[in-house]
S.K.: 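Before I ask anything, let me first share the structure, which is written out below as structure tokens.
Here the structure is a predicted model, which means the values were calculated and not measured. Residue numbers start at 1 and run along the sequence shown.
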Amino acid sequence: MKKILLLSTVAFCFFSANAQDTTRYLFHNLNYSYMQYTFGYESVAFNRGDQLNAFYASIIGAAFGNKLAIGLDLDAAMKDIKNFTNNSTYPQTSSFLGMYLNMEPLIRPKGLVNFSVPVKFGFANASRWDTTFDSNANFIAGYSSTNLNHQVNEYSDNFLVGSVGVNCFINLWKSVSAGGGASYRYSMNTAHYNHAADYSGFSVFALVRFRWDTRAYYAKMLQRQKEYYQQMGNPASH
């Protein structure tokens with residue numbers, strides 16, 4: 001909990017030294033600006049030391065006032081664990097799926113180099129496989145199954161998750177940016193066998209971001225339609 005609070009403080013201090021100015025900047029005159037989509041790679045680390053390579057996507061998002069983006073994000077990963085042994089020291093995470101509401105303050109989004117502070121809250125599911133035995137050679141927790149010709153424990157948890165981080169982008173073109181970032185994930189309320197802290201940890205991102213100015217697009221289409229009907233109504237144009 002201390003880590004998430006510390007990172008939240010640093011991120012918002014980076015965005016603005018004055019909390020009142022930050023609030024005024026974010027929520028004053030928040031008119032719709034453009035649609036925003038982000039895709040990329042995520043390295044998901046867990047507090048027990050294991051790590052997954054994940055796909056990250058902002059499946060839908062919109063920016064307002066060139067200050068704040070709001071979107072629905074997801075990340076998903078699966079690991080093929082082949083090296084099971086009877087003296088495993090901890091369960092290995094085999095899959096992770098998270099879905100979040102992302103509130104992302106934007107810092108100079110039209111500048112060549114720009115930043116954002118993604119703050120996410122949602123829910124996740126993670127599964128773990130384990131071959132740890134107790135002193136009586138019995139499996140510890142979970143339920144027994146067979147995978148890759150090894151007898152293993154499989155168990156999964158559903159839990160709430162929140163994260164805060166910092167991204168940096170370079171605007172390659174008007175509508176395309178590339179960059180990366182890092183965030184800390186804090187997990188809460190695990191349902192079954194693990195501690196919430198087991199699923200907390202850092203994530204590192206490599207991202208591509210696309211912007212679509214729908215207002216400019218529709219204005220252009222209406223102008224073309226207007227010009228077309230003007231030509232159709234002018235005999236001299238035939």
S.K.: Counting only N and O atoms by type, is there a donor-acceptor contact under 3.5 Å from the side chain of R211 to the main-chain atoms of S177?
M.R.: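 No, R211 side chain to S177 backbone: no donor-acceptor pair under 3.5 Å.
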S.K.: Please confirm whether the backbone N or O of T93 pairs with a side-chain atom of D50, one donor and one acceptor, at under 3.5 Å?
M.R.: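 Flag set: sc D50 to bb T93 pair under 3.5 Å.
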S.K.: Any chain of hydrophobic side-chain contacts (each under 4.5 Å) joining F64 to F210?
M.R.: yes
S.K.: Is the number of heavy atoms from other residues, nucleotides or ligands within 6.0 Å of CG (L101) greater than 12?
M.R.: yes
S.K.: Kindly say whether Q36 contributes a backbone atom to a donor-acceptor pair with the side chain of R209 at under 3.5 angstrom?
M.R.: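 Such a contact is absent between R209 side chain and Q36 backbone.
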S.K.: Using atom types as modelled and distance alone, determine if a side-chain donor or acceptor of S200 lies under 3.5 Å from a backbone N or O of S187.
M.R.: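 Yes, because the side chain of S200 sits within donor-acceptor range (under 3.5 Å) of the backbone of S187.
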S.K.: Under 3.5 Å, side chain of N171 to main-chain N/O of P109, donor-acceptor pair present?
M.R.: yes
S.K.: For S43 and V204, indicate whether the former's side chain and the latter's backbone hold a donor-acceptor pair under 3.5 Å.
M.R.: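 Such a contact is absent between S43 side chain and V204 backbone.
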S.K.: Tell me, please, which residues at least two apart from F46 pass ring-ring contact (aromatic ring centres under 6.0 Å, His included).
M.R.: F96
S.K.: Stepwise, does the ring pair (Phe, Tyr, Trp, His ring centres under 6.0 Å) test hold for F123 with F159?
M.R.: CA-CA 6 Å; F123 64 91; F159 48 92; 9.6 Å; no
S.K.: For atom CE of M188, decide whether the heavy atoms of other residues, nucleotides or ligands shown that lie under 6.0 angstrom number more than 12.
M.R.: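 Correct, the count exceeds 12.
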S.K.: Transitively linked via ILVMFWY side-chain contacts under 4.5 Å: F202 with F121?
M.R.: yes
S.K.: With the side chain counted from C-beta on, respond yes when L106 and K67 share a heavy-atom pair under 4.5 Å apart, and no when they do not.
M.R.: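 When only atoms from C-beta onward are counted, K67 and L106 do not touch, as no gap falls below 4.5 Å.
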S.K.: In Å, rounded to the nearest 0.5 Å, how long is the span from CG of L207 to SG of C168?
M.R.: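 Atom-to-atom, L207:CG and C168:SG are 11.0 Å apart.
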S.K.: Ring centres under 6.0 Å, that's the criterion: do Y41 and F55 meet it?
M.R.: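 Ring-ring flag for Y41/F55: false, centres at least 6.0 Å apart.
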S.K.: Between N167, T38, V117, I70, which is the residue that forms a side chain to side chain contact (heavy atoms under 4.5 Å, CB included) with E104?
M.R.: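 Of all the options given, the one that passes is N167.
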S.K.: Under 3.5 Å, is there a donor-acceptor pair between the side chain of R108 and the main chain of F115?
M.R.: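 Here the side-chain-to-backbone pair does not exist.
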S.K.: Any chance CD1 of I60 has more than 12 other-residue heavy atoms, nucleotides or ligands included, within less than 6.0 Å?
M.R.: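 No, CD1 of I60 has 12 or fewer neighbouring heavy atoms, counting only those of other groups under 6.0 Å.
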